[in-house]
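Scroll down for the structure; my scribbles are underneath it.
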Number of protein chains: 2
Amino acid sequence: MATENRHEQAEARLRAAGLKVTAPRLAVLDAVSGNGHLDADAVHTRVMSHLPGISLQSVYNVLGALAEAELLRKIDPAGSAARYESRTGDNHHHLVCTECGAVADVDCVVGESPCLTPSNTGGFAITTAEVTFWGRCAACQAASG
Amino acid sequence: MATENRHEQAEARLRAAGLKVTAPRLAVLDAVSGNGHLDADAVHTRVMSHLPGISLQSVYNVLGALAEAELLRKIDPAGSAARYESRTGDNHHHLVCTECGAVADVDCVVGESPCLTPSNTGGFAITTAEVTFWGRCAACQAASG
DNA sequence: TGCGTTGTTTTGAATGATTCAAAACAACTG
DNA sequence: CAGTTGTTTTGAATCATTCAAAACAACGCA
């Protein structure tokens, strides 16, 4: 059945990353997958419904490990707690609401990655480029004009 | 003399922003101007040489006010303390060292604000776009290969 | 199948940048 | 120069995140 397939795929991805397969890791992977942009606390809440008693610290550990293994992507907008999402590998960017902190995906900008190559690298060995758009989300606009 | 001109210009800019002219504000403005990217603590240290006894809290207040008035620009890379710089108004971006947190300016790439228009705004009213490049700075590369 | 190694989770506490709140104070207006 | 309003100070609190050590479990190998 579908959930077993997801489970096995998750196991395989953990192994491929050289990580041991554990209940907390499977649960976190499942909690984040397809659920947008969740912070550690939200992940903890979700995971607890499957694994009551799991500690928030473990959720932090797991999220850290999964993000490092690139099974999850961490986004850390100024002014709010770090969020995690399951979309990895593509270079999509984010919209962040300046009012409520809501995060939305943006598929990569106008045509091709225009800003991804800076003019002068200042001696830096660049590994990634991050684009964040700031504004007010639909809900916040509706709420207060 | 030159320093008096700077001082008077700073006063004028504060007034233009509707802010009262105070010693802490002038000192912070001066401390940040032309000194790269400083965090609150570094600003505090610098300002104390002119204004011994100024509180760190005041530095936070002043930086907040000046950033809101756009006399300073705040940058807040994930994983380090917020920095402030005096270059405002232009849409330049930043290089951040993943190892030591050092920040360098990048003049905006292709012409003007290339990344400022996402394909789909998801209902957001976008006000700004932020581009951050992550990599290792020259010093960190030299230090450990 | 069982044991040891190594990596993971738990528990409990600490950290540190930033913010909150109220009182003392100073800049600007008239 | 006095009143009002905004600013600075003082002192404490917040909160996401990390540190450290002990308890525990997954996986490889015998």
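Below, read A as the first sequence line, B as the second, and so on, with proteins coming before strands; counting in each chain starts at 1. It should be emphasised that the depicted structure is a prediction, and the values quoted were computed from it without experimental measurement.
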Hey, what are the protein-to-nucleotides 24-28 of chain D N/O distances that come in under 3.5 Å?
from: dA26(D); atom 1: N3; to: K20(A); atom 2: NZ; distance (Å): 3.4
from: dC27(D); atom 1: OP1; to: R15(A); atom 2: NH1; distance (Å): 3.1
from: dC27(D); atom 1: OP1; to: V21(A); atom 2: N; distance (Å): 3.0

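- In this entry the distance linking CG of N61(B) with C1' of dA27(C) reads 16 Å, nearest Å.
- Under the rule for a side-chain contact (heavy atoms from CB on, under 4.5 Å), the partners of S55(B) that lie at least two apart in sequence or sit in another chain are Q57(B), S58(B).
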Can you give me the N/O atom pairs linking the protein to nucleotides 21-23 of chain D at distances under 3.5 Å, or say none if there are none?
none

List the atom pairs, with distances to 0.1 Å, where a side-chain N or O of residues 10-22 of chain B and a protein N or O form a donor-acceptor pair under 3.5 Å, not counting sequence neighbours.
from: E11(B); atom 1: OE1; to: R15(B); atom 2: NH2; distance (Å): 2.9
from: T22(B); atom 1: OG1; to: R25(B); atom 2: N; distance (Å): 3.3

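- For the pair L51(A)/P24(A), a side-chain contact is recorded, criterion being any heavy-atom separation below 4.5 Å from C-beta on.
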Pull out every protein N or O sitting under 3.5 Å from an N or O of nucleotides 12-19 of chain D, one pair per line with the distance.
from: dT17(D); atom 1: OP1; to: A82(A); atom 2: N; distance (Å): 2.9
from: dT17(D); atom 1: OP2; to: Y60(A); atom 2: OH; distance (Å): 2.9
from: dT18(D); atom 1: O4; to: Q57(A); atom 2: OE1; distance (Å): 3.0
from: dC19(D); atom 1: N4; to: Q57(A); atom 2: OE1; distance (Å): 2.5

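- Scanning for side-chain hydrogen bond (donor to acceptor under 3.5 Å, both in side chains) contacts around D90(B) gives R87(B), H92(B), with sequence neighbours left out.
- Atom pair L14(B):CG and dC28(C):C1' shows a separation of 14 Å (rounding to whole Å applied).
- Legend: residues meeting side-chain contact (heavy atoms from CB on, under 4.5 Å) with D30(B), ordered by chain and number and at least two apart, are R6(B).
- The distance from atom NE2 of H44(B) to atom C1' of dG16(C) is 16 Å, rounded to the nearest whole Å.
- Within the structure, salt bridge (Lys or Arg N to Asp or Glu O under 4.0 Å) contacts touching residues 44-62 of chain B (residues at least two apart or in different chains) do not occur.
- The main-chain N or O of T45(A) is never found under 3.5 Å from a side-chain atom of S49(A) such that the two would form a donor-acceptor pair.
- Rounded to whole Å, the distance from CG on L66(B) to P on dT7(D) is 10 Å.
- Atom CG of L51(B) is separated from atom C1' of dT8(D) by 11 Å (rounded to the nearest Å).
- Applying the ring pair (Phe, Tyr, Trp, His ring centres under 6.0 Å) test to every pair with at least one member in residues 32-86 of chain B, sequence neighbours left out, gives these pairs: H37(B)-H94(B).
- The stretch residues 13-32 of chain A participates, sequence neighbours left out, in no ring pair (Phe, Tyr, Trp, His ring centres under 6.0 Å) pair at all.
- Among all heavy-atom pairs drawn from C137(A) and F124(B), the shortest one is CB-CZ, 3.6 Å.
- If you measure from atom CD of E68(A) to atom P of dG7(C), you get 14 Å, rounded to the nearest angstrom.
- Rounded to an integer number of Å, the gap from CD1 of I54(B) to C1' of dT10(D) is 14 Å.
- Among residues two or more places apart in sequence or in another chain, the side-chain contact (heavy atoms from CB on, under 4.5 Å) test is passed with T98(B) by W134(B), R136(B).
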